[in-house]
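One structure is given below, encoded as structure tokens.
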Amino acid sequence: VMQHLNFESCNSFENISKFSNYKVVVLIPPNYTKSDEINSSQGIGKTYSMAQKTGLPIIMYDNIADLANAFKELEAMDSWADIFVITSHGSSGSFSIGSDDVTRTTDLSALKDGLQGRQLFVNACNSAQGVAGSLLLSSISRQIECNSFGSCHTIKGGVKFDGAEGRFNT
């Protein structure tokens with residue numbers, strides 16, 4: 001049974017229940033959840049579709065501030081996750097959180113309460129590639145005090161977490 005909760009902010013939650021802890025939660029901007037995006041072979045729409053079909057918890061948000069509010073709402077539900085997956089377009093050393101572009105100089109301190117001590121996978125093409133990608137992940141980890149990792153290659157779509165092996169396959 002899919003549970004779709006809408007709160008006062010722009011956040012939407014799918015497959016998330018109160019008083020629950022999840023291994024993985026997918027974070028995705030709502031403009032990639034429209035039917036034309038879901039049915040495309042592009043990475044973000046495909047990731048959303050696969051997460052939805054497999055019952056992975058999903059949080060939709062519009063920007064950094066909205067995502068920070070989503071973490072507060074999730075905490076108010078007494079629910080949490082060990083790993084969060086931000087799905088976005090990206091390039092070496094950059095990606096986006098909804099309408100906000102993220103580079104190593106972006107202030108992400110608003111996300112610290114929600115991600116501190118967790119793992120964050122930046123599921124964005126080439127975002128961790130090269131020196132710029134390394135600096136980006138270092139900045140994220142330092143600001144948020146989380147373990148961050150990302151992709152050094154093009155992502156075709158979809159996220160699979162194998163808890164037994166403790167790794168992501170894209």
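Numbers here simply count residues along the sequence, with the first being 1. Quantities reported herein were computed from a predicted structural model and do not represent experimental measurements.
- To the nearest 0.5 Å, atom CZ of residue Arg104 and atom CD of residue Gln143 are 11.5 Å apart.
- Side chain of Ser141 to main chain of Cys146: a donor-acceptor pair is present (N/O by atom type, distance under 3.5 Å, no hydrogens or angles).
- Note on ring orientation: taking the six-membered ring where Trp is involved, the planes of Phe71 and Trp80 are tilted (angle from 30° to 60°).
- The CG atom of Asn63 lies 9.5 Å from the CD1 atom of Ile97; values are rounded to the nearest 0.5 Å.
- Of the residues listed (Val85, Ile59, Asn123), the one engaging Leu27 in a side-chain contact (heavy atoms from CB on, under 4.5 Å) is Ile59, and it is the only one.
- Residues Asp100 and Thr106 have side chains not in contact (no heavy-atom distance under 4.5 Å, counting atoms from C-beta outward).
- Atom CD1 of residue Ile144 and atom CG of residue Asp113 lie 10.5 Å apart, to the nearest 0.5 angstrom.
- Checked by atom type and distance alone, the side chain of Ser148 pairs as donor or acceptor with a backbone atom of Leu137 at under 3.5 Å.
- A single hydrophobic cluster is not seen to contain both Leu135 and Phe149; linkage of ILVMFWY side chains at heavy-atom distances under 4.5 Å, directly or through other members, places them apart.
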Going through the distances and angles, do Lys112 and Glu145 end up as a side-chain contact (heavy atoms from CB on, under 4.5 Å)? CA-CA 7 Å; Lys112 185 174 180 177; Glu145 297 177 13; 2.8 Å; yes
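- Taking all atoms of both residues into account, the shortest heavy-atom contact from Ser151 to Phe121 is N-CE1, 4.2 Å.
- Surrounding CD of Gln116 are more than 12 heavy atoms belonging to other residues, nucleotides or ligands, all under 6.0 Å away.
- Side-chain contact between Leu136 and Val102 is present, with heavy atoms from C-beta onward closer than 4.5 Å.
- In this structure a side-chain-to-backbone donor-acceptor pair under 3.5 Å is present from Ser88 to Ser96.
- Here CD1 of Ile28 is found 7.0 Å from CD1 of Ile58. Values are rounded to the nearest 0.5 Å.
- Note that the CD atom of Glu73 and the CG atom of Asp66 stand 8.0 Å from one another [nearest 0.5 Å].
- A distance-only check finds a donor-acceptor pair linking the side chain of Ser134 to the backbone of Gly130 [under 3.5 Å].
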Please report the C-alpha distance between Leu111 and Ile64 in whole Å, then the side-chain angles of each, then the deciding distance to 0.1 Å, and finally whether the side-chain contact (heavy atoms from CB on, under 4.5 Å) criterion is met. CA-CA 7 Å; Leu111 302 178; Ile64 293 170; 4.1 Å; yes
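- Counted within 6.0 Å of CZ on Arg118, heavy atoms from surrounding residues, nucleotides or ligands total more than 12; the atom is thus considered enclosed.
- One finds the SG atom of Cys152 at 8.0 Å from the CG atom of Asn126 (value rounded to the nearest 0.5 Å).
- Of all the heavy atoms in Ala128 and Gly150, the pair that sits closest is CB-C, 3.6 Å.
- Listed here is the closest heavy atom pair of Tyr61 and Thr87: OH-O, 4.2 Å.
- At least one side-chain heavy atom of Phe84 sits less than 4.5 Å from a side-chain heavy atom of Leu74.
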